[in-house]
Q: 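This structure is in structure tokens; I'll ask about it shortly.
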Amino acid sequence: VQLQASGGGLVQAGGSLRLSCAVSGRTFSGYGVGWFRQAPGKEREFVAGITWSGGTHYADSVKGRFTISRDNAKDTVKNTVYLQMNGLKPEDTAVYYCAKAGNPYIDVSISRYDTWGQGTQVTVSS
């Protein structure tokens, strides 16, 4: 299975972006999915996650601004997880990664995820 993250770009503070994480090779069926980000010189950190049943969890820094959702279509072409980011701030600047958990749940720990996408750059200018 491979994950492909897309949708990053350059946006002004207060703007919005929608990231997508598409899966190929199989579906996300039965697995939780998380979004993480890594800024230069910093460790990769949890941003948001969604369980197989649709439960969500957010980092405090993005709560109320970001929304994670998933399309659980059986067709792998449509099997996608999204991260809607509103009210972006310069401190949101980072490379954003999506990752598949090894079970139906989500966790803030990187070690709980077994498959990672290549990352998409998000840059927020002040």
Side-chain angles (χ1 to χ4, degrees):
V1 58
Q2 291 185 326
L3 306 184
Q4 179 74 36
S6 61
L10 173 63
V11 64
Q12 290 187 333
S16 299
L17 285 173
R18 188 194 197 200
L19 305 185
S20 298
C21 178
V23 62
S24 62
R26 65 170 297 165
T27 71
F28 282 128
S29 177
Y31 298 99
V33 177
W35 283 97
F36 290 75
R37 67 186 180 187
Q38 188 166 18
K42 295 187 177 181
E43 294 186 350
R44 193 169 298 188
E45 64 176 2
F46 174 84
V47 175
I50 187 165
T51 68
W52 166 240
S53 61
T56 59
H57 181 66
Y58 299 91
D60 288 343
S61 59
V62 306
K63 202 171 294 183
R65 300 188 296 123
F66 291 11
T67 303
I68 188 171
S69 60
R70 66 190 301 163
D71 175 357
N72 287 336
K74 294 181 179 179
D75 182 347
T76 57
V77 173
K78 299 180 181 178
N79 204 249
T80 306
V81 173
Y82 304 97
L83 185 67
Q84 178 67 44
M85 306 187 296
N86 299 327
L88 283 162
K89 304 176 181 180
E91 51 263 44
D92 294 318
T93 295
V95 177
Y96 283 70
Y97 300 88
C98 60
K100 183 186 75 64
N103 55 53
Y105 312 108
I106 52 176
D107 197 286
V108 300
S109 174
I110 293 174
S111 63
R112 299 292 187 179
Y113 297 81
D114 57 15
T115 306
W116 292 79
Q118 87 291 356
T120 184
Q121 176 71 47
V122 172
T123 304
V124 184
S125 63
S126 57

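The figures that follow rest on heavy atoms only: side chains count, while hydrogens, waters and symmetry mates do not.
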Q: In terms of hydrophobic clusters joined by side-chain contacts under 4.5 Å, are V122 and L3 together?
A: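 The answer is yes; both residues are in one hydrophobic cluster.
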Q: Report yes or no: does Q118 contribute a side-chain atom to a donor-acceptor pair with the main-chain N or O of Q4 at less than 3.5 Å?
A: no
Q: Please name the pair of heavy atoms, one in A39 and one in A94, separated by the smallest distance, quoted to 0.1 Å.
A: N-CB, 3.8 Å
Q: Rounded to the nearest 0.5 Å, what's the gap from CZ on R112 to NZ on K100? Could you check?
A: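 Reported value, rounded in 0.5 Å steps: 14.0 Å.
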Q: Does any N or O in the side chain of T80 come within less than 3.5 Å of the main-chain N or O of A22, such that one atom is a donor and the other an acceptor?
A: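 No, because the side chain of T80 does not come within donor-acceptor range (under 3.5 Å) of the backbone of A22.
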Q: Please name the pair of heavy atoms, one in F36 and one in I110, separated by the smallest distance, quoted to 0.1 Å.
A: CE2-CG1, 3.7 Å
Q: So which atom in L83 and which in A48 form the shortest heavy-atom distance, rounded to 0.1 Å?
A: CD1-CB, 4.0 Å
Q: For R65, look at atom CZ and say whether over 12 heavy atoms of other residues, nucleotides or ligands are found less than 6.0 Å away.
A: yes
Q: Can you find a heavy atom in the side chain of Y82 that is under 4.5 Å from one in the side chain of D71?
A: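 Of all side-chain heavy-atom pairs linking D71 with Y82, at least one is under 4.5 Å.
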Q: Would the distance check show the side chain of R70 and the main-chain N or O of T51 forming a donor-acceptor pair, the cut-off being under 3.5 Å?
A: yes
Q: What are the two closest non-hydrogen atoms of V33 and Y113, and how far apart are they?
A: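 Where V33 meets Y113 most closely, the heavy atoms are C-CE2, 4.3 Å.
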Q: Is V47 reachable from I106 through a run of hydrophobic residues whose side-chain heavy atoms are each under 4.5 Å from the next?
A: no
Q: F46, V95: one ILVMFWY side-chain cluster at the under-4.5 Å cut-off?
A: yes
Q: If hydrophobic clusters are built by linking Ile, Leu, Val, Met, Phe, Trp and Tyr wherever their side-chain heavy atoms come under 4.5 Å apart, do V124 and Y96 end up in the same one?
A: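 Same cluster.
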Q: Tell me, yes or no, whether the heavy-atom count around E45 atom CD, taken from other residues, nucleotides or ligands under 6.0 Å, exceeds 12.
A: yes
Q: Does a side-chain heavy-atom distance below 4.5 Å link D92 with F66?
A: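 Yes, side chains in contact.
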Q: Hey, are the side chains of M85 and V62 touching, using non-hydrogen atoms and a 4.5 Å cut-off?
A: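 With C-beta onward as the side chain, the pair stays apart.
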Q: Check Y58 against I68 and note the closest heavy-atom contact, atom names and distance.
A: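 Heavy-atom minimum between the residues: OH-N, 2.9 Å.
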Q: Show every donor-acceptor pair shorter than 3.5 Å between a side-chain atom in residues 6-21 and any protein atom, with sequence neighbours excluded, or say none if there are none.
A:
{"unit_1": "S16", "atom_1": "OG", "unit_2": "N86", "atom_2": "OD1", "d": "2.9"}

Q: Has K63 got more than 12 heavy atoms of other residues, nucleotides or ligands less than 6.0 Å from its NZ?
A: yes
